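Below is one structure, written out as C-alpha coordinates, with a few remarks after it.
This one's a predicted model, so the numbers in the text were calculated from it and none came from an experiment.
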Amino acid sequence: MLSKKIALLGANSHVGKGLISEIMHLRSEDYAAMALYARNPDELSAWIKAEFQFEKQVYHPDTFGQDRFDVVVNAIGVSDAAQIADVGSHVFDINRKYDERVMSYLDLFPTTKYIYISSGAVYGGEFDVPSTCDTQARVSLNTPLPMDWYGLAKLSSEIRHRSKRDLAIVDVRIFGYVSSWLPIDKPFFLSDIAKALVHQMPLRTDRTEFWRDYIGPTELAAAVLAVIDSPPINTSVDVYSLAPTLKTDLLNALAKHCSLVVEYGAENVSIKSAATYKSKYFSVDRRAEVFGYFPERTSEQVVLEELTKILHTSNLFSNGVP
(Lines give C-alpha, C1' and ligand atoms only; values in the text may rest on other atoms or scores of the structure.)
Protein backbone atom coordinates (compact mmCIF):
# COMPACT_ATOMS: atom_id res chain seq x y z
CA MET A 1 0.00 0.00 0.00
CA LEU A 2 1.32 3.41 -0.97
CA SER A 3 2.06 5.71 1.94
CA LYS A 4 -0.39 8.52 2.61
CA LYS A 5 0.57 12.11 3.22
CA ILE A 6 -1.36 12.99 6.37
CA ALA A 7 -1.79 16.29 8.17
CA LEU A 8 -2.67 16.03 11.85
CA LEU A 9 -4.09 19.19 13.41
CA GLY A 10 -4.27 19.22 17.20
CA ALA A 11 -1.32 16.85 17.38
CA ASN A 12 -0.49 17.95 20.93
CA SER A 13 -3.92 16.97 22.27
CA HIS A 14 -4.53 13.84 24.30
CA VAL A 15 -6.12 12.23 21.25
CA GLY A 16 -3.43 13.55 18.91
CA LYS A 17 -0.59 12.02 20.90
CA GLY A 18 -2.28 8.62 20.77
CA LEU A 19 -2.66 8.84 17.00
CA ILE A 20 0.98 9.83 16.60
CA SER A 21 2.15 6.85 18.64
CA GLU A 22 -0.08 4.31 16.91
CA ILE A 23 0.54 5.47 13.35
CA MET A 24 4.27 5.59 14.06
CA HIS A 25 4.23 1.93 15.10
CA LEU A 26 1.67 0.64 12.61
CA ARG A 27 2.66 2.62 9.54
CA SER A 28 6.11 4.10 9.84
CA GLU A 29 6.09 5.29 6.22
CA ASP A 30 2.85 7.20 6.76
CA TYR A 31 4.29 8.71 9.92
CA ALA A 32 7.44 9.78 8.09
CA ALA A 33 5.25 11.66 5.60
CA MET A 34 2.94 13.05 8.31
CA ALA A 35 2.87 16.76 9.05
CA LEU A 36 2.10 17.63 12.67
CA TYR A 37 0.34 20.85 13.64
CA ALA A 38 0.03 22.08 17.22
CA ARG A 39 -0.75 25.40 18.85
CA ASN A 40 2.37 24.89 20.97
CA PRO A 41 4.90 23.39 18.52
CA ASP A 42 7.84 23.48 20.93
CA GLU A 43 5.92 21.56 23.57
CA LEU A 44 4.98 18.79 21.13
CA SER A 45 8.50 18.59 19.71
CA ALA A 46 9.85 18.11 23.23
CA TRP A 47 7.26 15.40 23.93
CA ILE A 48 8.15 13.48 20.77
CA LYS A 49 11.85 13.62 21.57
CA ALA A 50 11.25 12.48 25.16
CA GLU A 51 8.86 9.67 24.20
CA PHE A 52 10.48 8.31 21.05
CA GLN A 53 14.08 9.57 21.17
CA PHE A 54 14.05 11.36 17.82
CA GLU A 55 13.04 14.72 16.48
CA LYS A 56 10.26 15.75 14.12
CA GLN A 57 9.34 19.23 12.97
CA VAL A 58 6.02 20.59 14.22
CA TYR A 59 4.07 23.46 12.70
CA HIS A 60 1.52 25.93 14.05
CA PRO A 61 -1.99 25.22 12.63
CA ASP A 62 -2.23 28.82 11.41
CA THR A 63 0.30 27.80 8.73
CA PHE A 64 -1.86 24.91 7.52
CA GLY A 65 -2.90 25.07 3.87
CA GLN A 66 0.46 25.53 2.21
CA ASP A 67 1.05 21.86 1.31
CA ARG A 68 -0.94 19.15 -0.45
CA PHE A 69 -2.16 16.20 1.66
CA ASP A 70 -4.05 13.00 0.98
CA VAL A 71 -5.72 13.14 4.39
CA VAL A 72 -6.35 15.83 7.00
CA VAL A 73 -7.16 14.71 10.54
CA ASN A 74 -8.51 17.48 12.78
CA ALA A 75 -8.15 16.75 16.49
CA ILE A 76 -8.17 20.41 17.58
CA GLY A 77 -10.59 21.33 20.32
CA VAL A 78 -11.01 22.15 23.99
CA SER A 79 -12.44 19.20 25.93
CA ASP A 80 -11.17 19.97 29.43
CA ALA A 81 -14.30 20.56 31.53
CA ALA A 82 -12.71 23.30 33.62
CA GLN A 83 -11.27 25.01 30.57
CA ILE A 84 -14.63 24.90 28.76
CA ALA A 85 -16.37 26.41 31.77
CA ASP A 86 -13.73 29.13 31.82
CA VAL A 87 -13.76 30.06 28.13
CA GLY A 88 -17.48 29.36 27.58
CA SER A 89 -18.59 30.10 24.03
CA HIS A 90 -14.96 30.75 23.02
CA VAL A 91 -14.62 26.99 22.55
CA PHE A 92 -17.11 27.40 19.71
CA ASP A 93 -14.87 30.00 18.05
CA ILE A 94 -11.73 27.85 18.40
CA ASN A 95 -13.44 24.88 16.79
CA ARG A 96 -14.96 26.97 13.98
CA LYS A 97 -11.68 28.73 13.16
CA TYR A 98 -9.76 25.58 12.34
CA ASP A 99 -12.67 23.65 10.87
CA GLU A 100 -13.27 26.53 8.45
CA ARG A 101 -9.57 26.54 7.62
CA VAL A 102 -9.77 22.89 6.59
CA MET A 103 -13.02 23.42 4.69
CA SER A 104 -11.39 26.25 2.72
CA TYR A 105 -8.48 23.91 2.02
CA LEU A 106 -10.93 21.36 0.59
CA ASP A 107 -12.19 24.01 -1.82
CA LEU A 108 -8.70 23.96 -3.32
CA PHE A 109 -8.08 20.22 -2.95
CA PRO A 110 -11.52 18.51 -3.06
CA THR A 111 -10.10 14.98 -3.32
CA THR A 112 -8.40 15.22 0.09
CA LYS A 113 -10.08 13.16 2.80
CA TYR A 114 -11.07 15.06 5.93
CA ILE A 115 -11.39 13.15 9.20
CA TYR A 116 -12.87 15.31 11.94
CA ILE A 117 -12.52 14.06 15.51
CA SER A 118 -15.94 14.69 17.00
CA SER A 119 -17.72 13.64 20.18
CA GLY A 120 -20.79 11.89 21.46
CA ALA A 121 -21.56 15.29 22.98
CA VAL A 122 -23.11 16.28 19.63
CA TYR A 123 -26.24 14.37 20.66
CA GLY A 124 -26.81 16.50 23.76
CA GLY A 125 -29.27 15.42 26.44
CA GLU A 126 -28.73 13.24 29.48
CA PHE A 127 -28.21 9.91 27.71
CA ASP A 128 -30.83 7.99 29.65
CA VAL A 129 -30.50 5.51 26.78
CA PRO A 130 -27.44 4.92 24.54
CA SER A 131 -27.35 6.58 21.15
CA THR A 132 -28.29 4.72 17.97
CA CYS A 133 -28.15 5.50 14.26
CA ASP A 134 -31.60 7.09 14.69
CA THR A 135 -30.80 9.28 17.71
CA GLN A 136 -31.61 12.95 17.20
CA ALA A 137 -29.58 15.75 18.74
CA ARG A 138 -31.17 17.62 21.63
CA VAL A 139 -29.96 21.20 21.73
CA SER A 140 -30.56 23.90 24.33
CA LEU A 141 -30.56 27.02 22.18
CA ASN A 142 -32.20 29.54 24.49
CA THR A 143 -30.07 29.13 27.60
CA PRO A 144 -26.94 27.07 26.81
CA LEU A 145 -24.79 26.30 29.82
CA PRO A 146 -21.00 26.75 29.66
CA MET A 147 -20.57 22.98 29.34
CA ASP A 148 -22.96 22.87 26.35
CA TRP A 149 -20.65 24.79 24.05
CA TYR A 150 -18.34 21.86 23.35
CA GLY A 151 -21.17 19.73 22.00
CA LEU A 152 -22.66 22.69 20.14
CA ALA A 153 -19.31 23.39 18.48
CA LYS A 154 -18.97 19.79 17.33
CA LEU A 155 -22.59 19.68 16.16
CA SER A 156 -22.17 22.89 14.17
CA SER A 157 -19.17 21.44 12.33
CA GLU A 158 -20.90 18.15 11.64
CA ILE A 159 -23.93 19.92 10.14
CA ARG A 160 -21.67 21.88 7.85
CA HIS A 161 -19.83 18.72 6.84
CA ARG A 162 -23.04 16.93 5.90
CA SER A 163 -24.02 19.88 3.71
CA LYS A 164 -20.93 19.25 1.56
CA ARG A 165 -22.01 15.86 0.25
CA ASP A 166 -19.52 15.95 -2.62
CA LEU A 167 -16.56 16.06 -0.24
CA ALA A 168 -14.97 13.06 1.52
CA ILE A 169 -15.57 14.05 5.14
CA VAL A 170 -16.02 11.57 7.99
CA ASP A 171 -16.80 12.74 11.52
CA VAL A 172 -15.43 10.24 14.03
CA ARG A 173 -17.25 10.52 17.35
CA ILE A 174 -15.58 9.57 20.63
CA PHE A 175 -17.59 8.90 23.79
CA GLY A 176 -14.76 8.11 26.18
CA TYR A 177 -11.00 8.10 25.62
CA VAL A 178 -8.04 7.10 27.75
CA SER A 179 -4.36 6.59 27.08
CA SER A 180 -1.07 6.50 28.93
CA TRP A 181 -0.86 10.25 28.25
CA LEU A 182 -4.05 10.98 30.15
CA PRO A 183 -3.62 14.31 32.00
CA ILE A 184 -4.23 13.40 35.63
CA ASP A 185 -4.71 17.00 36.74
CA LYS A 186 -7.95 17.47 34.78
CA PRO A 187 -11.50 17.19 36.19
CA PHE A 188 -12.43 13.88 34.59
CA PHE A 189 -13.55 10.64 36.24
CA LEU A 190 -10.62 8.65 34.83
CA SER A 191 -8.19 11.44 35.67
CA ASP A 192 -9.34 11.26 39.29
CA ILE A 193 -8.76 7.50 39.23
CA ALA A 194 -5.30 7.85 37.67
CA LYS A 195 -4.35 10.52 40.19
CA ALA A 196 -5.44 8.27 43.06
CA LEU A 197 -3.39 5.37 41.71
CA VAL A 198 -0.27 7.42 40.97
CA HIS A 199 -0.30 9.10 44.39
CA GLN A 200 -1.47 5.96 46.18
CA MET A 201 -4.44 7.65 47.78
CA PRO A 202 -8.14 6.70 47.94
CA LEU A 203 -10.54 7.69 45.21
CA ARG A 204 -13.46 9.60 46.70
CA THR A 205 -16.69 9.23 44.76
CA ASP A 206 -20.41 8.72 45.25
CA ARG A 207 -22.57 5.69 44.50
CA THR A 208 -24.24 7.15 41.42
CA GLU A 209 -24.05 4.53 38.68
CA PHE A 210 -23.37 5.25 35.02
CA TRP A 211 -22.26 3.43 31.89
CA ARG A 212 -19.24 4.48 29.84
CA ASP A 213 -17.58 3.26 26.67
CA TYR A 214 -13.85 3.93 26.72
CA ILE A 215 -11.57 3.52 23.74
CA GLY A 216 -7.82 4.03 23.62
CA PRO A 217 -5.22 4.90 20.98
CA THR A 218 -5.46 1.40 19.52
CA GLU A 219 -9.18 1.69 18.84
CA LEU A 220 -9.11 5.28 17.61
CA ALA A 221 -6.18 4.66 15.26
CA ALA A 222 -7.93 1.55 13.94
CA ALA A 223 -11.04 3.61 13.17
CA VAL A 224 -9.09 6.48 11.59
CA LEU A 225 -6.92 4.18 9.47
CA ALA A 226 -9.99 2.20 8.39
CA VAL A 227 -11.55 5.43 7.11
CA ILE A 228 -8.32 6.39 5.37
CA ASP A 229 -8.19 3.02 3.60
CA SER A 230 -11.87 3.08 2.55
CA PRO A 231 -13.43 4.67 -0.54
CA PRO A 232 -14.31 8.37 -0.18
CA ILE A 233 -17.61 9.04 1.58
CA ASN A 234 -19.35 11.80 3.50
CA THR A 235 -20.75 10.46 6.77
CA SER A 236 -20.29 10.17 10.53
CA VAL A 237 -19.44 7.18 12.70
CA ASP A 238 -19.45 6.45 16.42
CA VAL A 239 -16.35 4.72 17.79
CA TYR A 240 -16.81 2.09 20.49
CA SER A 241 -15.06 -0.65 22.41
CA LEU A 242 -16.05 -4.30 22.47
CA ALA A 243 -18.37 -3.57 25.42
CA PRO A 244 -19.14 -0.58 27.69
CA THR A 245 -18.59 -0.75 31.42
CA LEU A 246 -20.63 0.09 34.50
CA LYS A 247 -18.93 2.44 36.96
CA THR A 248 -19.04 -0.05 39.87
CA ASP A 249 -17.71 -2.90 37.72
CA LEU A 250 -14.82 -0.73 36.53
CA LEU A 251 -13.92 0.37 40.06
CA ASN A 252 -14.06 -3.24 41.30
CA ALA A 253 -11.74 -4.31 38.49
CA LEU A 254 -9.32 -1.50 39.31
CA ALA A 255 -9.43 -2.46 42.99
CA LYS A 256 -8.59 -6.04 42.07
CA HIS A 257 -5.88 -5.45 39.47
CA CYS A 258 -4.43 -2.06 40.44
CA SER A 259 -5.14 -1.97 44.19
CA LEU A 260 -7.37 1.08 43.86
CA VAL A 261 -8.97 2.07 47.17
CA VAL A 262 -12.43 3.61 46.83
CA GLU A 263 -14.12 5.72 49.49
CA TYR A 264 -17.81 6.33 48.88
CA GLY A 265 -19.20 9.58 50.20
CA ALA A 266 -22.35 11.61 49.83
CA GLU A 267 -24.10 11.80 46.50
CA ASN A 268 -22.19 13.92 43.93
CA VAL A 269 -19.28 14.38 46.34
CA SER A 270 -16.67 14.34 43.59
CA ILE A 271 -18.51 14.24 40.30
CA LYS A 272 -16.60 16.75 38.19
CA SER A 273 -16.64 15.51 34.61
CA ALA A 274 -18.95 17.17 32.12
CA ALA A 275 -20.18 13.74 31.11
CA THR A 276 -20.79 12.07 34.46
CA TYR A 277 -24.42 13.15 34.70
CA LYS A 278 -25.09 11.10 31.57
CA SER A 279 -26.25 7.68 32.73
CA LYS A 280 -25.63 5.72 29.50
CA TYR A 281 -23.03 7.68 27.60
CA PHE A 282 -22.23 5.24 24.80
CA SER A 283 -23.44 4.24 21.35
CA VAL A 284 -24.88 1.06 19.90
CA ASP A 285 -24.55 2.42 16.35
CA ARG A 286 -22.28 -0.04 14.54
CA ARG A 287 -21.96 1.68 11.17
CA ALA A 288 -18.19 1.84 11.68
CA GLU A 289 -18.14 -1.85 10.76
CA VAL A 290 -18.72 -0.80 7.15
CA PHE A 291 -15.20 0.63 7.19
CA GLY A 292 -13.79 -2.57 8.69
CA TYR A 293 -13.62 -1.33 12.26
CA PHE A 294 -13.92 -4.20 14.77
CA PRO A 295 -12.55 -3.46 18.28
CA GLU A 296 -10.86 -6.20 20.26
CA ARG A 297 -10.85 -4.70 23.76
CA THR A 298 -13.71 -4.01 26.15
CA SER A 299 -13.90 -0.67 27.95
CA GLU A 300 -12.70 -2.35 31.12
CA GLN A 301 -9.69 -3.83 29.32
CA VAL A 302 -8.86 -0.49 27.70
CA VAL A 303 -8.89 1.34 31.03
CA LEU A 304 -6.89 -1.33 32.88
CA GLU A 305 -4.21 -1.52 30.18
CA GLU A 306 -3.84 2.23 29.69
CA LEU A 307 -3.83 3.09 33.40
CA THR A 308 -1.28 0.34 34.02
CA LYS A 309 1.01 2.11 31.53
CA ILE A 310 0.57 5.35 33.49
CA LEU A 311 1.51 3.57 36.71
CA HIS A 312 4.56 1.99 35.07
CA THR A 313 5.76 5.36 33.80
CA SER A 314 5.10 6.96 37.17
CA ASN A 315 7.12 4.24 38.92
CA LEU A 316 10.03 4.71 36.51
CA PHE A 317 10.22 8.42 37.25
CA SER A 318 9.75 7.97 40.99
CA ASN A 319 12.68 5.54 40.96
CA GLY A 320 14.88 8.13 39.28
CA VAL A 321 14.82 6.64 35.80
CA PRO A 322 14.45 9.40 33.12
C133 and R287, any side-chain heavy atoms less than 4.5 Å apart: yes
Side-chain donor/acceptor of Y105 to backbone N/O of D67, under 3.5 Å: yes
Ion pair E158/R173, N-O distance below 4.0 Å: yes
Short N-O contact, D70 and K5, less than 4.0 angstrom: no
Sub-6.0 Å ring centroid separation between H25 and Y31: no
Full working for side chain to side chain contact (heavy atoms under 4.5 Å, CB included) between V170 and N234: CA-CA 6 Å; V170 178; N234 186 301; over 6 Å; no
Heavy-atom closest pair, residues G10 and I76: N-CG1, 3.3 Å
Sub-4.5 Å side-chain heavy-atom contact between T112 and V72: yes
Test item: Y114 and V71 side chains (from C-beta on) under 4.5 Å apart, heavy atoms: no
Lys/Arg N to Asp/Glu carboxylate O, R27 vs D229, below 4.0 Å: yes
Shortest non-hydrogen contact from Y240 toward I215: C-CG2, 3.6 Å
Donor-acceptor pair, side chain of S191 and main chain of P183, under 3.5 angstrom: yes
Geometric class of the F64/F69 ring pair [parallel <30°, tilted 30-60°, perpendicular >60°]: parallel
Other ILVMFWY residues reachable from V284 by side-chain steps of under 4.5 Å: W211, L246, F282
Side-chain heavy atoms of L182 within contact of L307, under 4.5 Å: yes
Minimum side-chain heavy-atom gap N95-Y150 below 4.5 Å: no
Distance-only side-chain donor-acceptor flag, R39 / N12, under 3.5 Å: no
Candidate pair K247 and E209, rule salt bridge (Lys or Arg N to Asp or Glu O under 4.0 Å), full reasoning: CA-CA 6 Å; K247 173 186 174 182; E209 285 284 27; over 6 Å; no
Electrostatic pair D213:R297 at N-O distance under 4.0 angstrom: no
Ring geometry between F175 and F127 (parallel below 30°, tilted from 30 to 60°, perpendicular above 60°): perpendicular
Sidechain N-carboxylate O distance under 4.0 Å for K278, E126: no
Exercise: identify the closest heavy-atom pair between L260 and A196: CD1-CB, 4.1 Å
Exam field: side chain E51 to backbone I48, donor-acceptor pair closer than 3.5 Å: no
Side chain to side chain, H14 and S179, heavy atoms closer than 4.5 Å: yes
Salt bridge present between R96 and D99 (N-O < 4.0 angstrom): no
Salt-bridge criterion met for D62 and K97 (N-O under 4.0 Å): yes
Heavy-atom check, side chain of I20 versus side chain of W47, under 4.5 Å: yes
With sequence neighbours excluded, residues passing side chain to side chain contact (heavy atoms under 4.5 Å, CB included) with I159: L155
Presence of salt bridge, D171 and R160, under 4.0 angstrom: no
Minimum heavy-atom distance between G16 and L8, given as atom pair plus value: O-CD2, 3.8 Å
Residues forming a side-chain hydrogen bond (donor to acceptor under 3.5 Å, both in side chains) with R286, sequence neighbours excluded: none
Student check: side-chain heavy atoms of Y177 and P217 closer than 4.5 Å: yes
